[in-house]
J.: 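Below: one structure in structure tokens.
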Protein chains: 2
Amino acid sequence: MARAALSAAAVVDVALRLVDEEGVGALTLAAVASRAGVATPSLYKHVRNLAELRALMSARIMDELSERIGSAVLGRSADEAVRALMTAWRDYVLAHPHRYAALGQAPEPRVAEAGERLIGIMLATLRAYDLDDTSVIHAVRCLRAAVHGFAVLEAERAFQRSEKLDETYDMLIRMVVAGLATATPPRR
Amino acid sequence: MARAALSAAAVVDVALRLVDEEGVGALTLAAVASRAGVATPSLYKHVRNLAELRALMSARIMDELSERIGSAVLGRSADEAVRALMTAWRDYVLAHPHRYAALGQAPEPRVAEAGERLIGIMLATLRAYDLDDTSVIHAVRCLRAAVHGFAVLEAERAFQRSEKLDETYDMLIRMVVAGLATATPPRR
DNA sequence: GCTCAAAAGCTAATGCCGTTAGCCTCGGGT
DNA sequence: ACCCGAGGCTAACGGCATTAGCTTTTGAGC
């Protein structure tokens, strides 16, 4: 082995800090290299190209998110678990809005791969409700849609009015919880 | 006036067609210019720069979306109107997935400006429910979150399982409709 | 019909970025 | 003591956005 200064993980670290501080638009190999104290081409020793860096970042973000949500859900079940899940999700987005936005910058297939764990957590959380196999899938998708939609919109400051977003999210949580209670397979 | 060959609107047209066919990643001034049969710098006679082009595209997309949703809601009220609104929204996304994805490429303040009309429609639609002024705002936000979240995820093919997305969306609609029925101001 | 100013096009040039090629240099294993 | 490969570097290319400055067209007013 030679100098162990940098590594793929370290590059991702630097890139994430950069995005946190300056937004997704500032993510450039030149900027990452500069922060890492290295010439731009040197990054290619650790990362295949910009696209791969984005994918690695997305995977890392998904992992962080899954971990937080996973431990938030631990020991709770049913409605309480759903509330904890949704709250933890938003807390993460509020803590790292740019990071969450970066999730949307990688081509979805790769993010999806990294997100399998999170989906697993959601599936497990919803198992408390008596839904048949296909209904759980639909329910997880609805949960994802609601939470992710809110997260994206809040992260990009799309809610303009002065009403408190905390209250809006409370309402969304109640909506989802109520919806899950009455969830039956769609008739069609 | 000189040759009226191009115009800001025409440039936006070309750009939208480009995005429809090749995705948001393909949006480049060079590509737009080539399609318009013009040299790249000529575009600057109609559009200030790439960022402005993106903003104009977003405004146009928002207008299209608002128009379709507006006419879908016409003559309906309450639950039926909400169902029509959500259905029209998704239909638009399915018809132009890349276009919908392009909405997220412009800095939100400008998209928001263009989206005021759509928010107005949603506010009007939800007036049928007996909500106080602040609750309507929260309700509109929840509706936006659910629909937009589903739209984004579907547009970027984030739903992997084989279950029918139509059925998932039915469930989401039922969830939202049920949620609106029981919407009370969050206590806190 | 002629004129001419401005609108709308063009070419050339600049600078940033991603990416590749090829070289140099450590430092750990033999 | 040697060597070899990991990990760094510089140089160079091509694509892109953007700017500067020129040329062409055209329609409005005479």
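From a predicted model like this one, the values you see are computed outputs, not experimental measurements.
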J.: Can a side chain N or O of A/Ser42 be found less than 4.0 Å away from OP1 or OP2 on D/dC9?
T.: yes

J.: Take the protein atom CG of B/Leu18 and the nucleotide atom C1' of D/dC16, then report the distance between them rounded to whole Å.
T.: 14 Å

J.: Under a 4.0 Å threshold between the charged nitrogen and the carboxylate oxygen, would A/Glu116 count as salt-bridged to B/Arg161?
T.: yes

J.: If you take all heavy atoms of B/Arg99 and B/Tyr92, which pair is closest and at what distance?
T.: CD-OH, 3.3 Å

J.: When you measure from the side-chain N and O atoms of B/His46 to the phosphate of C/dG9, is any distance below 4.0 Å, counting only OP1 and OP2?
T.: yes

J.: Flag yes if more than 12 heavy atoms outside A/Glu52 fall under 6.0 Å of its CD atom; otherwise flag no.
T.: yes

J.: Rounded to whole Å, please give me the gap between CG in A/Leu43 and C1' in C/dC17.
T.: 13 Å

J.: With the threshold set at 4.0 Å, does a side-chain nitrogen-carboxylate oxygen contact exist between A/Glu156 and B/Arg110?
T.: no

J.: Is a salt bridge present between A/Arg35 and A/Glu21, judged by a nitrogen-to-oxygen distance below 4.0 Å?
T.: yes

J.: To the nearest Å, give me how far apart NZ (A/Lys45) and C1' (D/dG5) are.
T.: 10 Å

J.: Can you check whether A/Tyr100 and A/His96 have ring centres sitting under 6.0 Å from each other?
T.: no

J.: List every contact pair, protein side and nucleotides 17-20 of chain D side both N or O, where the distance is under 3.5 Å.
T.:
{"residue": "D/dA17", "atom": "OP1", "partner": "B/Thr28", "partner atom": "OG1", "Å": "3.1"}
{"residue": "D/dA17", "atom": "OP1", "partner": "B/Leu29", "partner atom": "N", "Å": "2.9"}
{"residue": "D/dA17", "atom": "OP2", "partner": "B/Thr28", "partner atom": "OG1", "Å": "3.1"}
{"residue": "D/dA17", "atom": "OP2", "partner": "B/Leu29", "partner atom": "N", "Å": "3.1"}
{"residue": "D/dA17", "atom": "OP2", "partner": "B/Ala30", "partner atom": "N", "Å": "3.1"}
{"residue": "D/dT18", "atom": "OP2", "partner": "B/Tyr44", "partner atom": "OH", "Å": "2.9"}
{"residue": "D/dT18", "atom": "OP2", "partner": "B/Leu50", "partner atom": "N", "Å": "2.9"}
{"residue": "D/dT18", "atom": "O5'", "partner": "B/Tyr44", "partner atom": "OH", "Å": "3.2"}

